[in-house]
Structures are given as C-alpha cells and as structure tokens.
Amino acid sequence: MNKRLFVKGNEAVCIGAIAAGCRYYFGYPITPQNEIPEYMSRELPGLGGTFLQAESEVAAINMVLGASAAGVRVMTSSSGPGISLKAEGLSYMAGSELPAVIVNIMRCGPGLGGIDASQADYFQAVKGGGHGGYHLIVLAPDSIQELYDLSMVAFDLADQYRVPAMILGDAMIGQMKEALIPHPYQPLAELPAKDWSVTGKGNRVQGNTVKSLFLQDGALEAHNWRLHDRYQQLKDREVRCETIGIDDAELILTAFGGAARIAKTAVSMARQAGLKVGLIRPITLFPFPEQVFRQATERCRRVLCVELNNGQMVEDVRLSVDRQADVRFYGRPGGTGSLPTPEELFEQLQKHYKD
Amino acid sequence: MNKRLFVKGNEAVCIGAIAAGCRYYFGYPITPQNEIPEYMSRELPGLGGTFLQAESEVAAINMVLGASAAGVRVMTSSSGPGISLKAEGLSYMAGSELPAVIVNIMRCGPGLGGIDASQADYFQAVKGGGHGGYHLIVLAPDSIQELYDLSMVAFDLADQYRVPAMILGDAMIGQMKEALIPHPYQPLAELPAKDWSVTGKGNRVQGNTVKSLFLQDGALEAHNWRLHDRYQQLKDREVRCETIGIDDAELILTAFGGAARIAKTAVSMARQAGLKVGLIRPITLFPFPEQVFRQATERCRRVLCVELNNGQMVEDVRLSVDRQADVRFYGRPGGTGSLPTPEELFEQLQKHYKD
Amino acid sequence: MDNNKMNEDVFMAGFGGQGILLVGNLLAYAAIEAGKNASFFPAYGPEKRGGAAMCSVIVADQEIGSPVVGRPSNVLLLNQDAMAKYYPRVRPGGLCLYNSSLIDASGHQRSDICSLAIPANQIATEVGNVKLANMVMLGALLARNPLVQLESVKQALDIIIPERNKRFIPANLQALDRGFSFATA
Amino acid sequence: MDNNKMNEDVFMAGFGGQGILLVGNLLAYAAIEAGKNASFFPAYGPEKRGGAAMCSVIVADQEIGSPVVGRPSNVLLLNQDAMAKYYPRVRPGGLCLYNSSLIDASGHQRSDICSLAIPANQIATEVGNVKLANMVMLGALLARNPLVQLESVKQALDIIIPERNKRFIPANLQALDRGFSFATA
Amino acid sequence: MKKLVIDEEFCKGCGLCVIACPLELITVGTKVNKQGYPLAQISDANQVKCTACSACARMCPDAAISVYLPKKD
Amino acid sequence: MKKLVIDEEFCKGCGLCVIACPLELITVGTKVNKQGYPLAQISDANQVKCTACSACARMCPDAAISVYLPKKD
Amino acid sequence: MADSMITVFERPHSLKPVPSHFCSGCHHGTVHRLVAEALDQLELQQQTIGIASVGCSVLLYEYFDIDVVEAPHGRAPAVATGVKRVHPDSIVFTYQGDGDLAAIGTAEIIHAANRGEHLTVIFVNNTTYGMTGGQMAPTSLGGQVTTTTPYGRDLETDGNPIRMAELLALLDGTHFSARVSVDAPRRVAQAGKVIHKAFEMQKNRAGFAFVEVLAACPTNWGLSALDANERISQEMMPCFPLGTFKDLSGAQG
Amino acid sequence: MADSMITVFERPHSLKPVPSHFCSGCHHGTVHRLVAEALDQLELQQQTIGIASVGCSVLLYEYFDIDVVEAPHGRAPAVATGVKRVHPDSIVFTYQGDGDLAAIGTAEIIHAANRGEHLTVIFVNNTTYGMTGGQMAPTSLGGQVTTTTPYGRDLETDGNPIRMAELLALLDGTHFSARVSVDAPRRVAQAGKVIHKAFEMQKNRAGFAFVEVLAACPTNWGLSALDANERISQEMMPCFPLGTFKDLSGAQG
Ligand SMILES: Cc1ncc(C[n+]2csc(CCOP(=O)(O)OP(=O)(O)O)c2C)c(N)n1
Ligand SMILES: Cc1ncc(C[n+]2csc(CCOP(=O)(O)OP(=O)(O)O)c2C)c(N)n1
Ligand code: SF4
Ligand code: SF4
Ligand code: SF4
Ligand code: SF4
Ligand code: SF4
Ligand code: SF4
Ligand SMILES: [Mg+2]
Ligand SMILES: [Mg+2]
C-alpha cells in the first residue's frame, strides 16, 4: 500500500491536479475553498508553474480562458458568489471549446449566505449558470480520495471533449480530512493534440483563432449542434455512478457528494435495521446517470432523493426514472447548524420505507 | 379604442415600466436590447427619474440592488453575457428579498454567440443562473402588447412577493414592432408597504438592514425555507398560461415567447389542414404551469415542445405532464439564418401527429 | 384562420443603406393607421453599414401569429445578393418585385411566381435621388397588391418622417407614385 | 455494518483558541498512522477568533460514511457554551468528558450517559500552560476509550507539530499523560 | 471619582491604551472578561494622576474607554 | 508608371487621402466598388506630380494605397 | 455619569452598545468609532445609510445604529450609487476593505469617483484579506508573506502595492482624497478630522470624498496588537504616505 | 510591383488581404495597419498572439494574420495575462475600445498594468460604443450627444471623460503610457512610432506598455468621415492631450 496522506479535500483536489500536470492556477480567495489557492501558491512556483491571485473571479476565469487557449492544463476554484461571477467566462469557454477544470466548493446561499456546506449550486452547475445553453462536465466526489481521483479525470475529460469540467464539492468535502492514497497519473485515453491552441502562428499557414462569435449564416447553429453532439457523447460514454445494494432494494436513496456521505451511514443503519434500502450516488452530474435510475426503478419503485438544498437534483432523478417510480425528496438548504445527520436521514428512510 | 402605438418590443417594456411607476433604470448597452436603455435615457430625466449607464452589468445590477433597497421601483435590462454577469447580484437580491425587474432580451450563445433571437437562457432564468438555489419570477411575453402588460405585472409581483422578476424576451420579440394599446396602470393587488427599505433611520427605533448573510444557528436555513414558501405561494397563485384548442387536441404544441409566435401560425396551419393540434403557451415560466400540462395530458397524450435552443423548457414539461404522456422536442439553437419558420413547425406537427 | 380575412406577408431585402427597414416600417405603420394589424420584424447583418438588411412585414385583419414566414408571398429584392438568396424562397403563386437597376435576373427564372423587374434606381434617380429606390419599390408593390392604400402610406410617411426631414417628403411621395404607376402600367 | 468492526465517533467543542481542531486533527491522524481509517471534520463560527469551534472525528476499521453524527458517542466539551449546546446531544450510552475548570455542570445531569468531569485547565496549568487543556482532555478520553493507543497519539504529535514548535512537545506529552492518568484513576 | 472608565464588556486587552497614555497609567492585567480577553485596568492612584487627555480612549479600537472630568463650578 | 496604386477592393471613399495629400492630387469620384463605396482616384497627370510622400497612404484607414518610386539606378 | 462630571470622551451614540467580533487590536473598531463620531458630531445618524462591504467589516449593521445595505464583495460603490440616486438628501457612505475596494471592486470605485457620486468612502487598508484568512491584497507590501504569497509578495509577478488615494485623486469626479492612519493618538485625532470632513462635504453636496485609513490586522499579520500597530508606521507608511491628495472642498460643490 | 520600382508604402504583411467591415473613415482600420506595421518591422508576426476585445474590432482575427484569442467584453487584459504567463516568449497584445477598456474592463486593465504584465495594450478611444450603436462611453466628452445621453453628456450625473493614459501612468507596473492620434499624416506617423515602441518594449521584456489612440467613429458621431476626422483635434484633444505620460524604456526592464 502506498503511504497514505491525511489531507483536506481542498488539498486533495490540488494534489490530483498537479499529478495530472496542471501547472497553472488563477483564482481569488473565498471561504470555504481557500486551501486550494493557498496550496497552489505554495507548490506551483517550485514546479515551474504559475499561481496568480487575480483581482477578481471575473479576471480569474478569463486568465484561465487565456491559459487554456494557450494550450495548457489550468485550474481555478471558488465558491458561491465567485462561481456566479465566472458565469460569463464559463459560457465563453464552453462556446470556445476550451478545456479547464473549475472547482466549486459550495457554500450556502443565496447571496452572501454562509460558509457552511450546501448543494444549492446543483442547477447552476448542471443546467448552465451562464447564458447560451452550454453544459459543463460536472463531477461530484464524495471523499478525499475521489476528489483526488476525479481531479485527474476532470482534466482528461475536459481535454478529450473540449468541454470545461467542474468539480462540484461542498464545504464538508472540502474541509474534511481523511486518508488519501496517491497513485501515478494515468490518462483515461489518448488525448488529442491541442493543435488549435494559440502559440504564435510560427510556420502554420493559418493563424489559430479561439473564439465564440459565429456570424455566417447557419454557422452558430451548426456550432451549437456540434457542442450538443459532444454532450451526447459524454452521456453515452462517460457516466459514472456508485450503487450500493440496489438489487434487492425496496427503497432507493439517492444523493451526491457530501449528502451521499451522510446518506451512506443512514443506509447502513437502515440495512442493520432490516430495511432493504439501496443507494444510487451519481458521480457525474452531467452526464447524469439516467440509465442507472431507469433500470433500477424498473424493479424498485420508490426513490428518496436527499440533497443539501430545497430540491434540485431531484428533477433530474424524476426525468430519469421509470414512469412508474415514485420519487420523493428530503432536503435541508444548509447554513450554520443545518447539516442533516445520519440519524435524521435514517428516520427519513424509515418513514418513506413505510408510506 | 385607445390610440394604438406602433412600437418595438424593447420600447413596449419601457412604456409599461414607466406606467407602473418605475423611475429608475441602471443598465449597460448590449444588442439586441439597446432600445431599452436608449428609451429610458430619453424619458426618465423628464419624469424626475434617474437613467444611469453603469460601467458594467455587474455595477448596474448592484445599483439596482441599492435603489431597490432604497424602496423604489427599479429596472435593468441586458442580454446573454450581460445577464450572466448579473448572476451574483441577482442571487444577492433574491437572498435580500429585493424586488426589481430584470429584462433579458435573449440573444444566442454560448459566449459572444450572436445577436439573433434565441431562447437558450431558459435554464439560466428559471433554474437560477446564480448560486444558492433561489428563484426569480420569470415572465415570457410573446407580443408587444404583452411585453407592456407583463412589465407592469412584473413590478407588482416583485413587490408583492419580494422576489426579483425577470422578463424573458428574445431578439425577435424585442426587435419587432406591432400595435400596442396602452391602458392605465392598475396594481394587481394591494401592495405591501416597503417598510423594510433604507431611507435613513429617522425616528425608527431600529435601523433597517437589507442583507443576505445569516450567521445564527439555523437562521439561514429558516430564511431559505421562508423563500421556498414564497416560491410555493407563487406556484399556487400566480401561474399564467395561454391555451388554444387543447380540448379536442390530439397533439399539443408547447412553446413560449418568440417561439410561441411562430408556433401559433403553425398551429393555425395545422388546424386548417384538419389536424387537431392545440397550443399551451406558458406565460409564467416560473411558476411553471404544471397543472395545465398535467390536466391537458390526462386526455391528450402527445406533446411537442418547440424551443429556440437545444431543449430546456422541455424538461419542465416532462416534469409536469401526466405519466402516460409522450413529450417530444423540436429545437433550433439560433444564430444568423436559423430562426425556424411556421412552415417548418407545421411540418414537424404533421410528422409528430402521425408517429 | 378565416380565409375571407386578410393575412399578407411581405419580405424585403437589400443592403444596409438602401432603406429597407424604413419602407418596411412605413408599410406596417400605414397598415396600423388604417386600422389593420401589422407586424414589422427587422434583421440586420452584424455590421452597422454595408451588410445585408432585411425585414418582414405582416398585414392582417386578425391577430398576427408569426412575424416571420419561411416562404413569403410578397417579396421586394433590392440587390443581387438578396436576389440570389431569397428569390428561390418566394412562395409559389407569390409576387416578387426586384430592383432591375442593380439585379441581373438572367440566372433567376421561376414560372410559378409572378416576377416583376422594377428599374428602381433609375426611376429614383429620375425623381432626383437614387436613395428613393426603396419608395419606388414600395409604390410598385402596392400597385400589384393593395395591402394598404397608397394614400394611407403617404399619410403615414408624413407622420413617420421626423420634422427636420419634412422637406424630403415631396420627393418620397413622387417616388411612391412613380413606382406605383410603373407597376400599374 | 459489521459489529465486530470498530466505528467510533468523537465530537469536541469549545471556543476558538482552545485548540479543539488541533486535538481533533491529532486524534484522526494518529488513527491513520495506526492503520485505521479516520475522518476529521471541522466547523468554525464565522469569526476567526473568539467564536465557537468544534469538530468531529470518526475512527473505524471499515470505510467511513458520514463524517458527522447527530448523536455522538464520545464527546469532549471544553467550555460552558459547548456544554449547554452539546451535552444533551450525547448518544445514550455514550461518554462525555467535560472541562470542569470552566464548566459548571450543575444544570446538566444525565443518567443515561457516562459523564466525567476533568479539571483540564487546572491540570494544564500544573503542567505549565493552560493552553494544554485540550491535550489533557484527549488523554482523558483515550483512558476511557482506547480508539487509538496513547502511544500512537504521541508519535503522531511528533509528526504533526511543525519544526519551530518542537520544543513544546514534552509539555504536550505530559498533558496527555496527566489527562490519561486522571481518567484512569 | 473616576476620570477613566474602562468597560469590561468591550475591552479586548489589546494594550493600545497602555502605549497611548503619556503617563503610563494603564496596564493590562490577568483578569479576563466573558469573551476570554484580559482586561485593561487603571489603579485608583493612577485615576488621580489622569489628566483626562483621552489619548487612551482615542486609541482604543473597541470604544471601551470613557473619560470624564469634574465640573469646575 | 504609377507611383500611387489605390486598391478598389479596399477603398471606401472616405476622402481622408484627399485631405492628406499636400498637392491635392486625389479625388473621390462617382465610380463605386462592389461594396457600394465611391472610389478615390488619381489622374495620370497627377501620378506624375506625385512625390510619393505617402501622406495619403498613411492616412488611409483601409490600407488601400500603395506608393512606389522608380529605382534611381 | 454623575452630574458633577463633564464627559470628555465617550462611546459615540451612533454605535450600538455591543462588543464587536473584531480581533483584539483590530483597527476596524477604531475606524468604526471615528465614523460614528463624525455622524454624531454632524448630527447625521438619522439620515445616514451605510453600505457594508464583504470583509471583516461586513457586520456594520450589528454595530452602527443606522440603516444599512449589505453589498456584494466590491460592489458597495455601485450599491451606494443606487441608494444615493434615490435618496439624494440622505448621507450615504461605503465602508470597504482593501480586497473589496482595490481588487474586485476596482471598476466600481473608480467609476463612482469618476461620476462624482455624492458619497463618502471609508477605505480600510490593512494590506490583506482579513476575513478570508490573510491572503494577499493588492495593497500587500513587497515581500509581505501572506497565505497566498508564502514566499513573500514578488513585485515582478504578484503586482505592486496599489495606492488608491493617489489614483482616485486623479479623477475629475473626486472632490476629496486623503490617506490617514490610526496608529497613534494624534493620528487618530487627525483621521477623525478627515473623516468628519468627508462627511461634512457630503452634507454640503460637495461630491465624492475618499478617505483611506491605514489599519492593522494583527491576526493575519501574525503579530501582537502592539507589534501590528507598530508595523503601520514602520512598514506601511513608507509605501503609503499620509496626506491629502485632493481637496476641492473650497471650490463650488 | 515591377522590378524597376521601389516600394515606398504598402499594405503590411501581417494584415490579410481582405477588405474590413469597418465603416468608411473609421480609424480602427488605421490603427490595425499601424499595429501590423509594427509587427512587420519588428518581425514579430509569427510569435505574436493578439487578444481581440468585444467592440467593432472584435473581428481582429479576420484581418490580422496571427494567432488570436477572442476575450469577453472588457476582459482582454485578463485573457492576455493567462496567455502571456503560459508563453512568456511570445508577444501578446490586446486591442480594446473605450467601452471595453475604460468601462466594463476597468479592473482588468488597472490590475494588468499594476502587475506589470509584459503586454502591449492598444486602446482605441473613439468616445463612444461603436459596435452597439453609439451609446455613451466613459470617454464621451461633456455635452456629447449619444444614444444614451440624448440631451448631451451631463458631467454632473453621467460622469467625466476618463483619461486612461494618465491614470495608468500612475501605476508602478506601467512602463510606458502615451496618447496619440491618427487624424493627420504626421500624427499617424508619430502614432506608428509609439506603437512600434510599445511592441519593441515587450520584445525587450520591459513590462506593461499602453498606447491610447484618439480615433473617429463617423457613423455614431453622425458625421462625415472628414468632419469626424476633424473633430479629433477640435474637440477631443483639448480633453485628451497627446503625449507620453510615462516611459521607463530607458530603465532596466
Ligand atoms: C465574490 C466574492 N468573492 C470572494 C469573497 C470572499 N471574501 C470575503 S471577504 C474577502 C476579502 C476581505 O478582504 P478586505 O476587503 O481587505 O477586508 P478585511 O477583511 O481585510 O477588512 C473575500 C475575498 C466573497 N464573499 N465574494
Ligand atoms: C458583457 C457584455 N456587455 C455588453 C456587450 C455589448 N457590447 C458589445 S461591444 C460594446 C462596446 C463597444 O464599444 P467600444 O469598446 O468603445 O468599442 P468600439 O466599438 O467603439 O470600437 C458593448 C457594450 C457585450 N458584448 N458583452
Ligand atoms: S486620559 Fe490620558 S492621562 Fe488619562 S489614562 Fe488616558 S491617556 Fe492616560
Ligand atoms: S485599548 Fe481598549 S480594548 Fe485595548 S486594552 Fe485598552 S481598553 Fe482594552
Ligand atoms: S483614404 Fe483610403 S479608403 Fe479613404 S478614400 Fe482614400 S483610398 Fe479610399
Ligand atoms: S504620395 Fe504624397 S503626393 Fe503622392 S498622392 Fe499621396 S499624398 Fe499626394
Ligand atoms: S482578521 Fe484582521 S481585519 Fe479581521 S477582525 Fe481580525 S484583525 Fe481585524
Ligand atoms: S461604428 Fe464607428 S467604430 Fe464601428 S466600424 Fe463604424 S465607424 Fe468604426
Ligand atoms: Mg483588508
Ligand atoms: Mg469606442
């Protein structure tokens, strides 16, 4: 066994990124993700990379846009208000087909809200916080190990599909520590050369142009369908999902990220209490594991969706399940003192198991 | 009959706003909505109001936040990239329970995209472009008259529920001209006094505080449930929807805003061709007319959703319809030369009518 | 849709500066003033100058659905590019007037529509200003399809033209008339 | 969940500056070094200083689910506020150690848990620094519930403490020992 | 009668009043308030010496100090 | 042989070259290019007078003007 | 106090009688008091609207007994503009940290100044992001170690300490711009006078008034309250000279 | 041209041989040519990366035969920072309008300058938002009628024309800042020299170089090309004086 590290989630995502060859980070401080810029500021200079604290999140995402256009792996991170400010830049990156990794360690909102764990940015991440109907790849780790692993995956998927990838964590996953077993970076696939990137034209016949403006008749529509195909490919090939005990389940609990961690304990409690409860934990939120839900609910008709918000992923669950399924929701929108406990979720399981 | 005006949609929304007592406008130029700031810059000074061209959309929405906190009716408008930049401010306004009207005359994206009509910001408007899981009231006019009418309604609903209201138009509705019959402003309801606004403390015992930060144990959660209740009230009371010929329909077309205008002609063509086609046109996108869809689809099992995007409202349709219903989608993401024609939609109706 | 009722669409295209949007707007406005329903939907190229310009006008008795049509029934084409792009889209049975001063129609022939060559630039120049070609075209259209009365258009012109340009009205009226009579003849 | 396997949770609370996060982290780290699984989950009040501080530690043989528990089995409470808020939440059958130097427990009585008063500030002051009360509490906990060996914690301390503070290690070890023996006695 | 009143609820023991006083009349002691901060204090003897110049009060970041003078009527 | 070459594809008839030329050698005529712009022009007579000072070319916003001089070998 | 006593110095009325959450020795408390004193002296409390920014001073409304709007990070000048345009007769001030005003809020402060908005801006420069745990601010000094410049701020790559009072003085809309410090009693007194003036100018409708205050953040500087206080004159002032960089209070408002 | 001719003046190679979409008499064309000339002269075309901004000049990549990234409105300096940090040996320039740089992009330009990013910034000041149809820009003159100041820009409420060259000169990271004009042949020549220098400095790794160019927008000014050209010296220069406001090119880079 490799030596285990004992680190915060916020650090794990950096360790993974650096292992995956990311040498550029642009960001702006915001709680509860400050350990990310802080870690990068310590490590990147020694690796010949660049850590730059931007003047704002708006500037940061546009520096990321520039660095990505220049052909390198680059990352930014933020939370709540900062992610909102990146919306325009993200839309431009999606439109310009620029890969990058954006980490959102969710805090609670709306507005200034609070710095505690929340999952209220699900819609923003998955349905597109910015304008113009693009998608991000959205990955939702539920452990420090997975933050590390998915950090690498995020870079690979982003490069492969030329779609920006978001790691959607929350204050719980970002701030907690647990063991991490590092392993060497192994790209998911052979990745395409970035021959579209700007480097100075050099001996190329044509200058490279990275842009999202399409003026010719039909050009923008064609571009959008091309992006749409890309999203379809992601749906076809890149879904990731963890399931526990769904084969004999009478009730399926579904949750992602931090909520899934709490849910896992609740599910164990239920199993110990003799309830046949299973778990579906989407790891990719976009692409959403639609098939898993549909198939599972062909047998097990009842699903309880648990989120740290007032109900967001539950819509994607409802859109995915078999027509006969009965999807219920339990959520807490977060804030100081408002994290649900395993006991509380166990109670919910008991309740929804019965009626 | 009142004298009919012949104006652009962008002007109609201003005429309505001014009739409803809006005297403050803060915005930043962007095509295809420039007639809005231009109209306001001409009219507001003479009415003792303030037109201010902000240094950016970010500044504009925060000026709106300030003016709303100060207790007046205030409006801003933008499109695509500019609306994305307002995401943080909108989340703060939602969190601070500040009423205001935000007009989005959608252009196509993602990124810089193009200035033609699109509806690709549906998700952004309806699911929350900003962080923290709030909602805006979202109104989708499909005519110049309705732009005018809903402009007033938007102010009333915003004030009544203390939820910011968005008018979601598109370049087609914003740029086209047709007749407008003005009528005097009549508030929807007796509106609550803005005793929460900042005016200088004066003789009040307590200073008023407009904020979205809640630090006490449980306070933010309680605040979110309070907002959630407000959203539920909107769903219960404020749904608006137009339906045409759904009682005997074998196929229901659904579309909003500009797409609905094109659809209306296609539906007439279908009826003339003897096809029993109906139309559901959601006017409020949030609250979404869930009941209308559910009831209509208890009888008519097939729905074709048409949008100027790759498929967004169709999700809300699917979430609303009867379990037996079969919801299909036809969309074009927009761009120069990519507006669907009535003939094209008629063809789609024929196709989906059959198989 | 009640077939006894009127529902007419007009599509016009040319390049920016030819006054396409102006006559489209004028026509729709005249229809409104005449108590009909009308919609006007402009579309520009990205450039402010020199790019393509086009617009759709619908005039109807009943409520107007789509302000755009895929295959327009009445079409005014003011330059060669517009001819190339939009002539094929004229609805079978429709009417197409084209500015023969700028358009070489030789490559474009359709027997399923009524095509009419209007030497609009030439007529306009005769009236005194080549920029009035748009009015000539509109006059010609109204001769062939009286969506609104020529008179209504003339009155609308008086309202629509801003004070500082009132002196150009007579020339505009003349251009309308010349187009009208050209197409009537 | 296999009942033969270990799965222990510890919750600690006090005010910022009492070193709650430090001992929580230390305990979890020691468990990791000892080959177990462990999670550490901190929570702060909004203020950097003076506000409340708390954390949860889970030590287990199997995979850890929730890093937080609603009703913790092992609880360390370091000030009066923490006592008021968290004493009632100790799981029935659980263990609660409280810092009796700062806590007046008179209003708090439960017969369904094992409560243990540790005069942590006093013992720490005897060791030489009131700030070591956290170590005293941890030592005491380990005497009552050997989630990890005291020895492992001591080794972990050596790794965790940054070079510039190494000189404080002996006092820390002593505080751990004193807490341990106080609770063993 | 006291010229200098230090409010124990507000004081955070920062010591800025101590360095502000030209006569070095204030010290930070060991007594702590309920927030856990040690408190600034002035002895009765020093109260007499105090010139009510307010330098300490002006420096206090927590507005914990009030200064008074006997009326000279 | 021409010293001044005005590219008809680029010229937009703005007239800035006209005012730039110290010798007033250029005019904007009535001939239009395919973008519809009237074109700047220089007569053969003026070609001879042209000093190739390039003032016109420097002013031209559309880089429509090239200037040449016969080799003096 | 007893009737026989004259009050020489007291907690201003515009401050609520509650202890603050600021760290021991944090100068935010001092600046709060100076603002409250100005409001008291000018009798503006009832007509004043404060705009809180995001930073350690976000809880303005917990301490000032006035109406307050909480602005998003950096946007206080825009929020203030909205408020002031609606209530031109009220007194509107923003209270902003250096991260807030000189980083994310650069555009908003420059354009509020450039428009000559009738605002008073209190700018607390403590060379760091206090609230988020001591990251580099645009005002951090060369070589300053922060949590995001662990090897010291490198002027080549991390940028230079930015002098907002001088920069804003250049704009036509700025009527007053000064830099003060609160690290010694006489400088506190001077700072008080300048802040007073900046509010008085607004009362007189004299346009945009800006006061930068050099302040200590003992916690994130990793210094004791006294050492932190000392750092202001030792390290900050050489880079951020005190002074008045523009004063049009004599000119017509 | 024939072998017997010497080329005195020709379209620069770094420009593609395509007509532009700019209006007749628009100075964007002139500035494009000057930039291309500098790239030609310094032989930088192959290593240059241009950052296009949103405005009438967004189509930079249609005209310059170089690599280009299109930045969101106002963010070109941030995009350029990202590019330059990755390719420190390439030449990176932004080309921005006055709405882009002096309004929405204020924070980005100030901080790029303040960091001393090794960039060349070409700033085309035409006192209006050209692309969107002639709205007020931060640089619009007092009294200027625009589509959003229909009664003329009122300095009291709409703000003052902002002088970016002077403002940026104040920042420590700025190594060069100048204002030029292209309204007369000799000024075009001078502008060319200044732009050349701003690129040369970057080649020499000398830090942030800024060139503001006064330019005409005949279309939105509602003037003929000639009258628009004339307005530059008549109306703009009194407010925006030409000159070099900072030049550290002599100093160590
Ligand atoms: C958009 C956004 N980005 C980042 C943050 C996180 N944040 C809160 S306060 C702060 C900076 C505080 O520094 P400063 O303005 O100097 O105030 P101080 O705490 O030092 O007084 C930051 C970055 C936020 N709340 N919103
Ligand atoms: C975020 C955003 N806001 C607004 C716009 C619309 N917009 C496009 S260009 C422009 C301003 C152009 O003015 P300027 O920068 O001066 O360039 P010019 O066209 O005058 O050269 C604006 C506001 C946009 N594209 N994105
Ligand atoms: S008022 Fe003056 S003399 Fe008295 S304690 Fe304070 S500083 Fe010292
Ligand atoms: S300055 Fe104030 S807070 Fe600090 S020690 Fe003195 S009285 Fe206490
Ligand atoms: S300056 Fe250039 S574009 Fe203008 S008229 Fe002369 S050649 Fe033509
Ligand atoms: S080169 Fe000189 S002389 Fe010749 S046409 Fe041009 S400006 Fe006139
Ligand atoms: S962190 Fe710094 S700025 Fe914030 S309250 Fe503490 S000392 Fe003051
Ligand atoms: S609108 Fe103005 S800036 Fe834009 S191309 Fe035309 S003249 Fe140039
Ligand atoms: Mg600060
Ligand atoms: Mg401009």
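Values reported hereafter were calculated over all heavy atoms of this structure, with side chains retained and with hydrogens, waters and symmetry mates removed. Residue numbers begin at 1 in each chain, while the letters A, B, ... track the order of the sequences.
Across A/Gly130 and B/Ser84, no two heavy atoms sit closer than the pair CA-OG, 3.4 Å. Between B/Leu215 and A/Thr336, the shortest heavy-atom distance links the atoms O-OG1, 3.3 Å. Nearest heavy atoms, A/Ala325 versus B/Arg323: O-NH2, 2.9 Å. Here the closest heavy-atom approach between residue A/Gly132 and residue B/Ala120 is recorded as C-CB, 3.5 Å.
For residues 216-228 of chain A, the interface with chain B (any heavy-atom pair closer than 4.5 Å) comprises A/Gln216, A/Asp217, A/Gly218, A/Leu220, A/Glu221, A/Asn224, A/Trp225, A/Leu227, A/His228, sorted by residue number. Inspection of non-hydrogen atoms places no residue of residues 59-69 of chain A under 4.5 Å from chain B.
Neither the backbone nor the side chain of B/Ser96 comes within less than 4.5 Å of any heavy atom in chain A. With a 4.5 angstrom heavy-atom cutoff, A/Gln312 touches chain B only via side-chain atoms. Only the side chain of A/Asp316 has a heavy atom closer than 4.5 Å to any heavy atom of chain B.
Taking chain A as the reference chain and counting heavy-atom pairs below 4.5 Å, the highest number among B/Gly337, B/Ala87, B/Gly89, B/Ser118 is found for B/Ala87. When each of B/Gly109, B/Gly334, B/Gly95 is scored by its heavy-atom pairs under 4.5 Å with chain A, the top score falls to B/Gly109. Between chain B and the options A/Gln324, A/Lys86, A/Arg107, heavy-atom pairs under 4.5 Å are most frequent for A/Gln324. When each of A/Gly82, A/Ser91, A/Pro110, A/Ala125 is checked for heavy-atom pairs under 4.5 Å with chain B, A/Pro110 comes out on top. Counting heavy-atom pairs closer than 4.5 Å to chain B, the top residue among A/Pro81, A/Ala94, A/Ser79, A/Gly80 is A/Pro81. Of the listed residues A/Gly111, A/Gly114, A/Gly311, the one with more heavy-atom pairs under 4.5 angstrom with chain B than any other is A/Gly111. The choice from B/Ser212, B/Gly335, B/Gly133 that makes the most heavy-atom pairs within less than 4.5 Å of chain A is B/Ser212.
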Worked verdict on B/Arg318 versus A/Arg318 for side chain to side chain contact (heavy atoms under 4.5 Å, CB included): CA-CA 9 Å; B/Arg318 290 213 166 96; A/Arg318 291 212 167 95; over 6 Å; no
Using side chain to side chain contact (heavy atoms under 4.5 Å, CB included), reason through A/Glu315 and B/Leu319 one step at a time and then give a plain yes or no. CA-CA 7 Å; A/Glu315 291 195 0; B/Leu319 288 166; 3.5 Å; yes
Test log, rule side chain to side chain contact (heavy atoms under 4.5 Å, CB included), inputs A/Ile83 and B/His131: CA-CA 7 Å; A/Ile83 297 289; B/His131 63 285; 5.6 Å; no
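The closest side-chain heavy-atom distance from A/Lys127 to B/Gln124 is not below 4.5 Å. In this structure, the side chains of B/Phe214 and A/Cys108 stay at 4.5 Å or more apart for every pair of heavy atoms.
The line from CD of A/Glu88 to CG of B/Leu112 is 9.0 Å long, rounded to the nearest 0.5 Å.
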